[in-house]
Amino acid sequence: MSLDRFVNRLKRKCRDQDSEGENQAKSAKQASVSSAVTVNGGISRAGSLAWKEIRAENLDLDYVRLFTKSEADSILQDLEKSVTYNTGQLARVMMFGKWVDIPRKQTAYGEEGLTYTFSGNTVPARPWIPSLTRIRDILTSLTGVHFNFVLVNRYKDGCDYMGEHKDDEKDLSPDCPIASLSFGQPRDFYFKHQDSRGKNATRTVERVSLVLEHGGLLLMKAPTNQYWYHALPQRKRLGQVRVNLTFRKMNPAMCKPLKTEL
DNA sequence: TCGAATAACTAAG
DNA sequence: TCTTAGTTATTCG
């Protein structure tokens, strides 16, 4: 599988870079990520990746093209074959007195007992599957965070989208980054500060936009989620599928009990 | 200046 | 407060 080659490639790159003694001028934040990034044998591999830091008031994001095109192609293919999406009631939300289908497909995987709550529905995490544990383990070795949950969103084309929202901090372990991996159709993604939303905005804060590419990883770090809403807007001319994996570290004690069977 | 896409806003419970 | 759809305003090419 290409992921093994991926890890080997990173190890090779890091050996090369260690001998060159690079990476002295990293920011403090970047250094804290780097120090956590080790694989078997303690080889640091943060330096081999071209991290892009995105900063604004109380916004702290790191973005990197983690996988090559062929690796990402293979992962997407794998996910399309193995991921099961929620259907029926679990794929609807109540809007103005009627149930509407959410404008994308969604599901979750993770450790037993974890749930997530979406607009009134509390949905259990499905048991881990190999295509997701492989990726989870890469992210854990990259970030040092033990992710125990992943939310999967599938956007069939540019008409599927996700409205502005903040991830529910109540279920999340505080200060743990959220790792968002994208495969397939590159899509615009933006962050909007809570003080500058809607007509009751108290001030103007410029919104932060980026493109989430095929094989790209976005780390959303504290306190971003406290202050900023994020969304994946419609882009009607785009016709390809995008699958997004959002890995989180959930606090099991904070998960709502299940009301619904899968 | 037109038409389409995008952005902003509003609606119930 | 959170969710999306529908309407209207604005921007883009």
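In what follows, every chain begins at residue 1, and chains take the letters A, B, ... in the order their sequences are listed.
Consecutive pairing runs in DNA chain C reach the stem threshold at B:2-13 with C:2-13, where a stem means at least three Watson-Crick or G-U wobble pairs with distances under 3.5 Å.
A donor-acceptor contact under 3.5 angstrom links the side chains of A:Y63 and A:E213, judged on distance only.
Counting non-hydrogen atoms of neighbouring residues, nucleotides and ligands closer than 6.0 angstrom, the CD atom of A:E111 exceeds 12 such neighbours.
A:D62 contributes no side-chain N or O that, together with a main-chain N or O of A:E53, makes up a donor-acceptor pair within less than 3.5 Å. The backbone N or O of A:T122 lies less than 3.5 Å from no partner atom in the side chain of A:T115, so there is not a single donor-acceptor pair.
The side chain to side chain contact (heavy atoms under 4.5 Å, CB included) check on A:A91 picks up nothing, with sequence neighbours excluded. With sequence neighbours excluded, no residue forms a ring pair (Phe, Tyr, Trp, His ring centres under 6.0 Å) with A:H146. Judged as a side chain to side chain contact (heavy atoms under 4.5 Å, CB included), and not counting sequence neighbours, the contacts of A:V241 are A:E80, A:R154, A:V243. A:K105 pairs by the salt bridge (Lys or Arg N to Asp or Glu O under 4.0 Å) definition with nothing, not counting sequence neighbours. Listed by chain and number, the residues in a ring pair (Phe, Tyr, Trp, His ring centres under 6.0 Å) with A:Y229 amount to none (sequence neighbours excluded). Listed by chain and residue number, A:V93, A:V100 satisfy the side chain to side chain contact (heavy atoms under 4.5 Å, CB included) test with A:M95 (two or more places apart in sequence, or in another chain).
For the segment residues 150-158 of chain A, no residue has any heavy atom less than 4.0 angstrom from an atom of DNA chain B.
Counting any heavy atom pair closer than 4.0 Å across all strands shown, A:R207 reaches sugar-phosphate atoms only and no base atom.
Among residue pairs with one or both ends in residues 235-245 of chain A, those qualifying as salt bridge (charged side-chain N to carboxylate O under 4.0 Å, His left out) are A:D188-A:R235; sequence neighbours excluded. Identified under the ring pair (Phe, Tyr, Trp, His ring centres under 6.0 Å) test for residues 190-212 of chain A, with sequence neighbours left out: A:F189-A:F191, A:F191-A:H230, A:H193-A:W228.
With a cutoff of under 4.0 Å to any heavy atom of chain A, the contacted region of DNA chain B is bounded 5' to 3' by B:dA5 to B:dA12.
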What string of B, S and - do you get for nucleotides 1-13 of chain C, 5' to 3', if B is base contact, S is sugar-phosphate-only contact and - is no contact with any protein heavy atom under 4.0 Å? SSBBS--------
